[in-house]
Student: 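Mind having a look at this structure? Questions to follow.
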Amino acid sequence: MVTAKGEVLAGFQTVRKILTLLPVIFPISWIFYLPFMKKLLSPVYMWVSTNRYDWFGRYDVPHTS
């Protein structure tokens with residue numbers, strides 16, 4: 001993800017930034033900026049990222065309407 005300021009974010013940092021932009025989640029998004037959260041949730045993000053295709057499948061060709 002590239003922010004409006006030109007920062008390049010990846011992985012957990014991207015999820016954390018997106019959560020701050022969602023109006024419903026914004027009030028609790030500060031929790032993801034606590035010092036220990038990156039260390040705690042980065043492995044969780046990597047685990048989900050590694051297994052997402054096993055759980056949800058993969059399309060070889062994009063679906064169009």
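Scope of the values below: all heavy atoms of this structure, side chains included, with no hydrogens, waters or symmetry mates.
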Student: Run the side-chain contact (heavy atoms from CB on, under 4.5 Å) check on Met1 and Ile18 step by step: do they pass?
Tutor: CA-CA 9 Å; Met1 170 183 185; Ile18 289 171; 4.2 Å; yes
Student: Got a second to check how far Ile25's CD1 is from Leu21's CG, nearest 0.5 Å?
Tutor: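 Ile25 CD1 to Leu21 CG: 11.5 Å, rounded to 0.5 Å.
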Student: Any chain of hydrophobic side-chain contacts (each under 4.5 Å) joining Tyr53 to Val15?
Tutor: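 No, Tyr53 and Val15 fall in different hydrophobic clusters.
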Student: Mind checking the CE-CG spacing from Met46 to Asn51? Nearest 0.5 Å is all I need.
Tutor: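 CG of Asn51 is found 10.5 Å from CE of Met46.
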Student: Write down the atom of Gly11, the atom of Tyr45, and the distance for their closest heavy-atom approach.
Tutor: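 Where Gly11 meets Tyr45 most closely, the heavy atoms are CA-CE2, 3.3 Å.
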Student: Output side-chain donor-acceptor pairs under 3.5 Å for residues 29-40, partner residues at least two apart or in another chain, one line each.
Tutor:
{"unit_1": "Ser29", "atom_1": "OG", "unit_2": "Phe26", "atom_2": "O", "d": "2.9"}
{"unit_1": "Trp30", "atom_1": "NE1", "unit_2": "Pro27", "atom_2": "O", "d": "3.2"}

Student: Report the C-alpha distance between Lys17 and Thr14 in whole Å, list the side-chain angles of each, state the deciding distance to 0.1 Å, and finish with yes or no for side-chain contact (heavy atoms from CB on, under 4.5 Å).
Tutor: CA-CA 5 Å; Lys17 180 66 175 177; Thr14 301; 5.8 Å; no
